[in-house]
Amino acid sequence: QVQLVESGGGLAQAGGSLRLSCAASGRTFNGYAMGWFRQAPGKEREFVAAISWSGGGTTYYADSVKGRFTISRDNAKNTVSLQMNSLKPEDTAVYYCTADRVFMVTKPAYWGQGTQVTVSS
């Protein structure tokens with residue numbers, strides 16, 4: 001079992017920045033691909049970004065956040081982060097940290113409880 005706890009959400013103005021963090025505990029962090037999903041009010045949950053365990057941390061982003069968001073991981077600290085720059089009101093959502101043995105799965109095995117991000121115009 002992997003437990004994931006997100007932090008760093010909050011309120012930002014359009015054009016601003018926020019940094020989300022996710023701490024993993026339980027099973028070893030080794031070998032797990034990590035990711036972020038989000039769910040806006042009235043919308044389905046959607047993929048945001050992912051980072052692999054192997055290959056030096058291959059990253060992949062949704063088109064809507066490419067060039068603005070950066071995912072990174074610190075395997076020594078069992079953490080993954082999402083740096084969000086140039087925020088837009090449409091980035092408002094609950095953001096979820098995820099983990100799975102397989103990179104880029106549509107439904108990761110493990111999810112955090114979510115952290116709210118609100119971007120005002």
Side-chain angles (χ1 to χ4, degrees):
Q1 194 76 4
V2 174
Q3 290 81 42
L4 304 171
V5 178
E6 303 96 337
S7 61
L11 178 65
Q13 290 189 334
S17 298
L18 283 174
R19 185 177 180 86
L20 305 183
S21 295
C22 173
S25 61
R27 287 181 178 266
T28 177
F29 196 58
N30 294 346
Y32 280 88
M34 306 297 293
W36 292 91
F37 283 68
R38 67 186 182 185
Q39 187 167 20
K43 295 186 177 181
E44 293 189 354
R45 196 171 293 183
E46 64 176 3
F47 166 79
V48 175
I51 186 167
S52 68
W53 163 254
S54 61
T58 300
T59 58
Y60 191 80
Y61 298 93
D63 287 343
S64 59
V65 306
K66 200 173 295 183
R68 300 188 298 120
F69 290 11
T70 302
I71 187 172
S72 60
R73 65 188 297 163
D74 186 335
N75 293 334
K77 296 182 178 178
N78 287 359
T79 59
V80 62
S81 298
L82 185 69
Q83 178 65 43
M84 305 185 295
N85 298 330
S86 301
L87 284 163
K88 303 176 181 180
E90 50 263 43
D91 293 320
T92 295
V94 177
Y95 283 71
Y96 298 90
C97 176
T98 66
D100 198 284
R101 286 287 189 182
V102 181
F103 181 52
M104 289 298 295
V105 292
T106 56
K107 294 183 178 180
Y110 300 101
W111 294 74
Q113 83 288 350
T115 186
Q116 177 71 46
V117 170
T118 302
V119 182
S120 62
S121 57

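As the structure is a computational prediction, the values presented were derived from the model and not from experiment. The first residue in the sequence is number 1, and the count goes up from there.
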If I take atom [atom1] from residue [X] and atom [atom2] from residue [Y], how far apart are they, to the nearest 0.5 angstrom?
{"X": "Thr98", "Y": "Met34", "atom1": "OG1", "atom2": "CE", "result": "6.5 Å"}
{"X": "Leu82", "Y": "Thr70", "atom1": "CG", "atom2": "OG1", "result": "8.0 Å"}
{"X": "Ser81", "Y": "Phe69", "atom1": "OG", "atom2": "CZ", "result": "13.5 Å"}
{"X": "Cys97", "Y": "Gln3", "atom1": "SG", "atom2": "CD", "result": "12.0 Å"}

Any chance CD of Gln13 has more than 12 other-residue heavy atoms, nucleotides or ligands included, within less than 6.0 Å? no
Other residues, nucleotides, ligands: >12 heavy atoms within 6.0 Å of Lys107 NZ: no
Which pair of heavy atoms, one from [X] and one from [Y], lies closest together, and at what distance?
{"X": "Gln116", "Y": "Ala93", "answer": "NE2-O, 3.5 Å"}
{"X": "Val65", "Y": "Val48", "answer": "CG2-O, 3.6 Å"}
{"X": "Ala14", "Y": "Ser121", "answer": "CB-CA, 4.2 Å"}
{"X": "Phe37", "Y": "Pro108", "answer": "CE1-CG, 3.7 Å"}
{"X": "Ala49", "Y": "Tyr61", "answer": "CB-CD2, 3.6 Å"}
{"X": "Gly31", "Y": "Arg101", "answer": "CA-NH1, 3.6 Å"}

Spell out, as yes or no, whether a donor-acceptor pair under 3.5 Å connects the side chain of [X] to the backbone of [Y].
{"X": "Glu6", "Y": "Gly114", "answer": "yes"}
{"X": "Asp100", "Y": "Ala109", "answer": "yes"}
{"X": "Thr92", "Y": "Val119", "answer": "yes"}
{"X": "Ser52", "Y": "Phe103", "answer": "no"}

Aromatic plane relationship, Tyr110 with Tyr32 - under 30° parallel, 30 to 60° tilted, over 60° perpendicular: perpendicular
Determine, for Tyr96 and Arg38, whether the Lys NZ or Arg CZ falls below 6.0 Å from the six-membered ring centre while staying within 45 degrees of the axis. no
What I want to find out is whether Asp91 reaches Lys88 closely enough, with some N-O distance under 4.0 Å, to be called a salt bridge. no
In terms of hydrophobic clusters joined by side-chain contacts under 4.5 Å, are Ile71 and Phe47 together? no
Counting C-beta onward and ignoring hydrogens, is there a side-chain heavy-atom pair between Arg45 and Trp111 closer than 4.5 Å? yes
